[in-house]
2 protein chains.
Amino acid sequence: MAPILHALAQEQERLSQQERRIADFILSSPSEVVHMGIKELAEQCGTSPATVTRFCKAFHLKGYPDLKVKLSAEIAHTEMQERSGMSSYQDIVANNPLSQIVEAMEANHLASIRDTTSLLDMERLAQAIRLLCAADRIDLYGVATSSIVAQDFYQKLIRIGKNCTAFADSHMQITSASTLSGRDVAVAISYSGETLETIDALACAKDSGAATISLTSYSSNTLAAMADIPLFASSLEKGMRRGDMASRIAQLHLVDILFMGMNSEQFGQYVPKLEQSYHNVQNYRKSRGGHFQA
Amino acid sequence: MAPILHALAQEQERLSQQERRIADFILSSPSEVVHMGIKELAEQCGTSPATVTRFCKAFHLKGYPDLKVKLSAEIAHTEMQERSGMSSYQDIVANNPLSQIVEAMEANHLASIRDTTSLLDMERLAQAIRLLCAADRIDLYGVATSSIVAQDFYQKLIRIGKNCTAFADSHMQITSASTLSGRDVAVAISYSGETLETIDALACAKDSGAATISLTSYSSNTLAAMADIPLFASSLEKGMRRGDMASRIAQLHLVDILFMGMNSEQFGQYVPKLEQSYHNVQNYRKSRGGHFQA
DNA sequence: TCAATCATTAAAATTATTTTCATGATCTGC
DNA sequence: GCAGATCATGAAAATAATTTTAATGATTGA
């Protein structure tokens with residue numbers, strides 16, 4: 001699967017001291033090598049460019065550039081392999097190289113999307129979509145990170161002409177909740193499911209007779225217990241006290257699913273509106289000399 | 001899963017005659033290109049090496065060798081995918097069953113995260129992180145969907161004590177931009193890279209002497225051309241007119257990487273602040289009877 | 001110890017890539 | 001429809017990267 005890296009590892013012992021250094025370096029950080037010139041690599045290994053070229057030739061490569069091209073392909077291969085089986089969250093710790101941070105971040109986000117999808121209860125999801133489609137008004141509650149998710153959902157719903165609010169201010173959320181009716185839906189978003197402001201708002205919405213949906217992590221939590229339809233976004237990322245990255249991605253993923261579900265359910269009704277709002281924005285841009293959307 | 005090849009195909013129409021020939025050739029036999037020198041390729045396409053290099057630069061590559069390396073990786077990727085039957089971007093159409101929507105959404109989000117990661121130029125990324133860490137002040141510009149991303153970044157930066165603004169109002173963005181200095185950084189976020197308000201704000205920031213970073217899709221676009229450091233989030237999802245779901249996920253993914261990169265770079269400085277802000281929020285909750293964060 | 005071989009490198013030669021610059025084409029505003 | 005500007009293009013110069021050469025030093029086995 002990775003012929004060159006494999007060969008490097010296998011023949012390592014048979015190599016001379018300098019050559020071994022080169023092999024070691026390539027094996028330890030192949031993805032770095034791809035971005036390096038032969039000079040840099042030689043320097044990093046404490047040897048000369050000439051030795052590096054000979055090294056390449058010894059492995060039946062055309063030369064150094066050829067090594068880079070082949071390595072690039074092998075990295076893509078192995079990463080791919082690892083990824084396709086990978087579903088685990090990785091911790092992000094201090095001062096590790098950028099490439100590791102990127103890798104870990106990717107693993108976490110991919111895992112949280114996959115997990116969220118696999119946790120989905122299709123029946124409940126369908127129910128939620130039906131409720132949202134039928135709602136006269138939709139209220140979205142969330143603070144801090146979850147407020148971002150609420151705002152995102154808000155923007156989408158506005159585009160299909162839904163009567164919808166997503167106040168950032170938690171007092172306004174409660175105020176709004178108390179004006180809901182039985183034909184309305186309230187959606188509470190909170191990773192932990194224990195955010196007081198959001199709980200208060202949802203409780204108020206319940207009192208007003210609105211149907212309720214919660215969007216929380218997959219755990220026993222107050223919001224999920226309160227809601228008529230609890231939905232779950234998974235994120236078990238490690239070291240996450242330092243900001244909830246993957247959880248937010250997972251929640252947005254769920255929001256997208258809800259939104260697309262609504263579009264599909266009410267295709268004839270919503271999609272024309274979406275198209276129109278898209279074209280209106282586009283025309284506005286054109287009239288000002290630019291093009292395309294945000 | 002093959003961002004460059006995809007971008008080539010997508011932008012084909014916008015290219016000049018000579019450039020189109022190059023794009024055609026690369027698309028028709030990418031695996032040949034990997035073994036060719038720039039001269040050969042130019043000859044094959046009936047054009048000059050100069051045009052080929054410029055062509056590479058237009059697609060945000062370092063140069064011709066960079067194209068070969070990236071292409072090599074993409075070829076390996078796609079082969080791998082075909083073999084393992086992995087899914088890439090899928091269209092979402094009307095009235096298909098919910099389970100299909102969920103599947104397509106998942107495929108799109110996963111693909112856009114993977115693509116974004118594979119497109120990352122580590123060097124530029126590192127530069128961007130260094131700039132952000134060193135900045136006296138950070139300004140974030142974005143409207144509509146991109147405003148959500150800006151807000152998200154804003155929340156993160158605030159938590160580590162960065163002096164930072166992210167006005168939703170585009171006039172305020174320009175006002176803020178005009179007060180920047182040479183020690184500040186402006187980040188412009190826009191999927192298309194052609195949002196007028198955002199371009200104006202970034203131009204203004206440039207005039208003020210601030211360093212500039214753009215966060216756009218992988219294409220030739222105004223913002224990327226303007227910025228000192230252009231960063232790219234890929235999303236080639238089909239049916240994009242119906243809302244930019246995956247692109248936003250990809251951008252948030254990049255924001256997370258930038259943020260974690262900053263944390264790692266300045267571990268001693270930022271992480272204690274993060275921990276503190278986390279604990280302060282937690283204590284506030286506890287004193288009111290709840291627990292955990294949003 | 002002395003050849004003989006091998007690994008190694010500095011520097012030269014070669015090759016590849018990029019930049020510059022001049023040219024011609026196309027587009028813009030008058 | 002015409003001057004001026006802008007853009008694309010390729011030839012050639014400049015630069016950069018890689019490879020080869022040739023000389024040196026180290027190691028090994030008689």
Side-chain angles (χ1 to χ4, degrees), chain A residues 4 8 11-26 30 32-72 286-291, chain B residues 4 8 11-26 30 32-72 121 123-124 194 199 203 219-222 224-226 230:
Chain A
I4 292 175
L8 250 53
E11 310 243 329
Q12 221 168 358
E13 295 139 27
R14 259 168 278 178
L15 299 172
S16 74
Q17 202 162 14
Q18 302 292 348
E19 289 182 313
R20 194 175 307 179
R21 281 194 196 180
I22 297 170
D24 281 347
F25 187 89
I26 295 173
E32 303 279 320
V33 176
V34 165
H35 306 299
M36 286 190 206
I38 195 172
K39 251 186 185 167
E40 285 174 84
L41 176 60
E43 204 173 324
Q44 282 281 325
C45 301
T47 184
S48 67
T51 305
V52 176
T53 333
R54 268 192 301 269
F55 177 86
C56 295
K57 299 258 162 102
F59 282 91
H60 313 295
L61 297 161
K62 292 236 181 67
Y64 181 66
D66 198 33
L67 171 76
K68 295 213 291 185
V69 165
K70 297 260 163 66
L71 259 188
S72 175
K286 272 198 187 128
S287 73
R288 287 204 47 217
H291 44 293
Chain B
I4 291 175
L8 250 55
E11 310 235 338
Q12 224 167 357
E13 297 141 26
R14 259 170 276 179
L15 298 174
S16 73
Q17 203 161 16
Q18 301 293 345
E19 289 181 313
R20 195 175 307 179
R21 281 194 195 179
I22 299 170
D24 282 346
F25 187 89
I26 296 172
E32 300 281 319
V33 176
V34 164
H35 305 299
M36 287 190 204
I38 195 172
K39 252 185 184 168
E40 287 174 83
L41 177 61
E43 205 173 323
Q44 284 282 327
C45 302
T47 184
S48 68
T51 304
V52 176
T53 345
R54 270 191 298 264
F55 177 86
C56 295
K57 297 262 164 92
F59 281 90
H60 312 294
L61 297 160
K62 292 239 182 64
Y64 180 67
D66 198 30
L67 172 76
K68 295 212 291 187
V69 166
K70 296 258 164 68
L71 260 187
S72 175
D121 182 326
E123 225 168 283
R124 271 203 280 243
E194 305 292 348
I199 292 172
S219 63
S220 313
N221 64 70
T222 308
M226 285 171 70

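Throughout, a chain's letter reflects where its sequence line sits, starting with A, and its residues are numbered from 1. Computed from a predicted model, the values in this text were never measured in an experiment.
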A:T53 side chain to A:P49 backbone, donor-acceptor under 3.5 Å: yes
Interatomic distance where CD belongs to B:Q17 and P belongs to D:dA8 [whole Å]: 13 Å
Main-chain N/O of B:T51 paired to B:Q18 side chain as donor or acceptor, under 3.5 Å: no
Separation of C:dG24 C1' from B:Q18 CD (nearest whole Å): 13 Å
Distance below 4.0 Å between B:T47 side-chain N/O and D:dG10 OP1 or OP2: yes
B:E123 atom CD, over 12 foreign heavy atoms within 6.0 Å: no
Sugar-phosphate, base or nothing in reach of A:S16, heavy atoms under 4.0 Å: sugar-phosphate
Positions of residues 55-68 of chain B (non-hydrogen atom under 4.0 Å from DNA chain D), listed by number: none
pair B:Y64-B:V33: side-chain heavy atoms closer than 4.5 Å: yes
A:D24 bridged to A:R20 by N-O distance under 4.0 Å: no
D:dG10 phosphate, OP1 or OP2, under 4.0 Å from B:T51 side-chain N/O: yes
Check: B:M36 main-chain N/O paired with B:K68 side-chain donor or acceptor under 3.5 Å: yes
Which nucleotide in D:dG10, D:dT19, C:dT19 has an atom nearest any side-chain atom of B:R54: D:dG10
Residues from residues 34-42 of chain A lying under 4.0 Å of DNA chain D - heavy atoms: A:G37, A:I38
Side chains of A:F59 and A:I4 in contact at under 4.5 Å (non-hydrogen atoms): no
Minimum side-chain heavy-atom gap A:F55-A:L15 below 4.5 Å: yes
